[in-house]
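Each remark here refers to the structure printed beneath this line.
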Amino acid sequence: MYHQMRAKEESSQIENGQIQLGRIVSDMAKEGIITQEEYLATNFDSYYLRTAADFTEPFTDVIPEVGKLGLELVSMKSFKHYLPNPAFDIINKDETEKLEYSRQIVANVYPWMHHVLEGGLSISRTENEKQIIIDQYFNRLQKYAFAHSDFKPLIIFTEVVIKKAI
């Protein structure tokens with residue numbers, strides 16, 4: 001019996017993906033726009049850069065639970081899938097199309113990152129102060145996306161095939 005598992009390894013709508021999203025917050029902390037405590041409060045655990053070794057480790061290390069379950073690694077391969085969206089395919093396009101691309105990037109990130117930022121900002125800040133900081137974050141994100149608008153969004157998947165002894 002074989003079991004196939006696909007594990008999302010990395011997803012990126014902008015160049016440098018989640019690293020860049022965090023870099024903007026880090027820059028804002030370095031510039032004194034947010035405090036170190038707020039910077040830490042806006043961070044969350046995200047392990048998305050799995051390597052081939054990470055996927056094969058349970059089968060190559062001597063982990064008794066894997067052996068007891070009778071599991072064996074059959075194969076593993078990673079592949080990239082570029083998102084087929086003409087709005088993102090803007091290489092050699094004009095300034096208006098690059099601006100639309102950068103707006104779409106913000107629109108895709110805003111719904112979930114807004115809550116991360118708002119939840120991490122100090123309760124001693126007024127709602128107006130919080131909104132100014134959040135707006136500044138997304139303005140920086142839009143400028144970055146505009147400047148790196150030749151990036152084509154992608155998803156990297158890793159397919160792991162496992163065999164269970166009968």
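Values reported hereafter were calculated over all heavy atoms of this structure, with side chains retained and with hydrogens, waters and symmetry mates removed.
- Here the side chain of Gln104 pairs no donor or acceptor atom with the backbone of Tyr101 at under 3.5 angstrom.
- The closest side-chain heavy-atom distance from Ile105 to Gln142 is not below 4.5 Å.
- Salt-bridge check for Arg125 with Glu38: passed, with a basic side-chain N closer than 4.0 Å to an acidic carboxylate O.
- You'll find the side chain of Leu121 reaches within 4.5 Å of the side chain of Ile134, heavy atoms only.
- Expressed to the nearest 0.5 Å, how far CD of Glu159 lies from OG of Ser75 amounts to 6.5 Å.
- In plain terms, the two heavy atoms of Lys164 and Leu69 that are nearest each other are NZ-O, 2.6 Å.
- The CD atom of Gln36 sits 4.5 Å away from atom CG of Leu40, with the distance rounded to the nearest 0.5 Å.
- Note that CD1 of Ile133 and CG of Leu117 are 9.5 Å apart. Values are rounded to the nearest 0.5 Å.
- Atoms CD1 and CD1, from Ile33 and Ile24 in turn, are 11.5 Å apart once rounded to the nearest 0.5 Å.
- Counting heavy atoms from C-beta on, the side chains of His114 and Tyr137 never come closer than 4.5 Å.
- Gln131 and Glu127 form no side-chain donor-acceptor contact under 3.5 Å, judged by distance and modelled atom types alone.
- Under the 4.0 Å criterion applied to side-chain N and carboxylate O atoms, Arg140 and Glu31 are assigned as salt-bridge partners.
- In plain terms, the two heavy atoms of Ser124 and Ser122 that are nearest each other are OG-OG, 2.7 Å.
- The other members of the hydrophobic cluster of Phe146, by chain and number, are Leu99 (side-chain heavy atoms under 4.5 Å, ILVMFWY only).
- Taken from NZ in Lys98 to OG1 in Thr96, the straight-line distance is 11.0 Å, to the nearest 0.5 Å.
- Atom CD1 of Ile162 is separated from atom CZ of Phe59 by 4.0 Å, given to the nearest 0.5 angstrom.
- Val109 places a side-chain heavy atom less than 4.5 Å from the side chain of Phe138.
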